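The structure appears right after this line, and notes come after that.
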Number of protein chains: 2
Amino acid sequence: MAGLSSRSAVAIHALAMLANRREGSLTSAEIADSLESNPVMVRRVLGRLRDADLVWSTEGRGGGWSLARPPRNITLYDAYVAVEEGRIFSRHTRPPSGACEVGRNIGDLLDAEFQSAERALEERLDRTTVADLLQRILAADKEPADH
Amino acid sequence: MAGLSSRSAVAIHALAMLANRREGSLTSAEIADSLESNPVMVRRVLGRLRDADLVWSTEGRGGGWSLARPPRNITLYDAYVAVEEGRIFSRHTRPPSGACEVGRNIGDLLDAEFQSAERALEERLDRTTVADLLQRILAADKEPADH
DNA sequence: CAAAACTGTAACTACAACAATTACAGTTCA
DNA sequence: TGAACTGTAATTGTTGTAGTTACAGTTTTG
């Protein structure tokens, strides 16, 4: 448990590509190419984004993936919460001893602290939209390579 | 990678117990009892806290663990950074394709977003001291059980 | 209609981090 | 000397993830 999965990175990368594509769609193979990864992994992550109504997919020949909302209305938090599950901090693996003054009461209080910290992280993620990110990506692409 | 280890919870629990003990010391066995865990795991976590100068230990008979600073000067962030390693978010497992406008540039920008979110979490953790937490633990212990 | 190009998933392997435990060497004190 | 500690190596079982192959189902195109 050294951290979260790389699904957030995959999801945000894919959302940025879809936003850059404007009206069209992209296949899982095209997205996997950019990620230097595998179409199946991409479909698994994008399947979660679809469950969260961030993208939609069409099957069959000519099918692929598109944004379900304008990139201005999709935040990094939306992607994060769609693909990562549950909490960042692990709580006590077993309930502490009721015989100890600290053990009896720390559970709920520590949980509140951890939740509060996790919420701070989420609020920061929620302040950046996919449109913001794409704009910066395209700006960086126009700069000289050695800068 | 469903999240961080439970070492933060163990560390903070132990720090609260040591703060509650005021001047004395506690053995890893006593702390493990409260955690319903194992003395070896406790010594491993507290070893990291010692490396970060949050606690110190004495060997031999009558030995044990004590705070190295007043609990007012130890924050949950101090514990977190001492026992958890590295980053919360996993980045791209392989560098994205340089052939893609997005792939060429998303690495650094996404890293900055993730770092910023992680910093928000850390700043929230840094606002609670071990003394704060212990005070609330002791207050909760005085309340009626069904409340 | 048949082939091609997609998505949607199941199944499998490999790997790394973690929790948990046993074992034991070294240290200190009574 | 023996009891009570810390410090740490070694081991085991579990879990989540990354990565891959395989293939069934869907849709468009020639």
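Labels below follow one simple rule: chain letters A, B, ... track the order of the sequence lines, proteins then strands, and each chain is numbered from 1. Computed from a predicted model, the values in this text were never measured in an experiment.
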Let me know the distance between [atom1] of [X] and [atom2] of [N], rounded to the nearest Å.
X: Leu49(B); N: dT6(D); atom1: CG; atom2: P; value: 14 Å
X: Glu85(A); N: dT17(D); atom1: CD; atom2: C1'; value: 11 Å
X: Leu35(B); N: dT21(C); atom1: CG; atom2: C1'; value: 16 Å
X: His13(B); N: dA19(C); atom1: NE2; atom2: P; value: 15 Å

Note to self: I'd like to compare against my own output: the B/S/- annotation of nucleotides 21-30 of chain D with a strict under-4.0 Å heavy-atom distance to protein.
What the structure shows: BB---BBBS-
For a quick test of reading the model: is some side-chain N or O of [X] closer than 4.0 Å to OP1 or OP2 of [N]?
X: Ser5(B); N: dA17(C); result: no
X: Ser57(B); N: dG7(D); result: yes
X: Ser28(A); N: dT7(C); result: yes
X: Thr93(B); N: dG19(D); result: yes

Next item on the list: Determine the contact category for Gly47(B): base if any of its heavy atoms lies under 4.0 Å from a base atom, sugar-phosphate if only primed atoms, P, OP1 or OP2 are that close, otherwise nothing.
Entry: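 Result for Gly47(B) = nothing.
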Checklist line | Rounded distance [0.5 Å steps], CD in Glu85(A) versus CZ in Arg7(A) | finding: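 Separation between the atoms: 5.0 Å.
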Check: How far does CZ of Arg69(A) sit from CG of Asp53(A), to the nearest 0.5 angstrom?
Finding: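 One finds 7.5 Å between CZ of Arg69(A) and CG of Asp53(A).
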Note to self: Parallel, tilted or perpendicular, judged at 30° and 60°: which one describes the rings of Phe114(A) and Phe89(A)?
What the structure shows: parallel
Notebook entry, point to check: Closest heavy-atom contact between Ala29(A) and Pro39(A)?
Noted result: CA-CG, 4.2 Å
Next item on the list: Could you walk me through whether Trp65(A) and Ser25(A) pass side-chain contact (heavy atoms from CB on, under 4.5 Å), step by step?
Entry: CA-CA 5 Å; Trp65(A) 303 82; Ser25(A) 71; 5.8 Å; no
Check: Step by step, would you call Ile12(B) with Leu110(A) a side-chain contact (heavy atoms from CB on, under 4.5 Å)?
Finding: CA-CA 8 Å; Ile12(B) 294 168; Leu110(A) 187 56; 3.8 Å; yes
Notebook entry, point to check: Quick one: on DNA chain D, does Pro39(B) or Arg48(A) contact a more 5' nucleotide (nearest heavy atom)?
Noted result: Pro39(B)
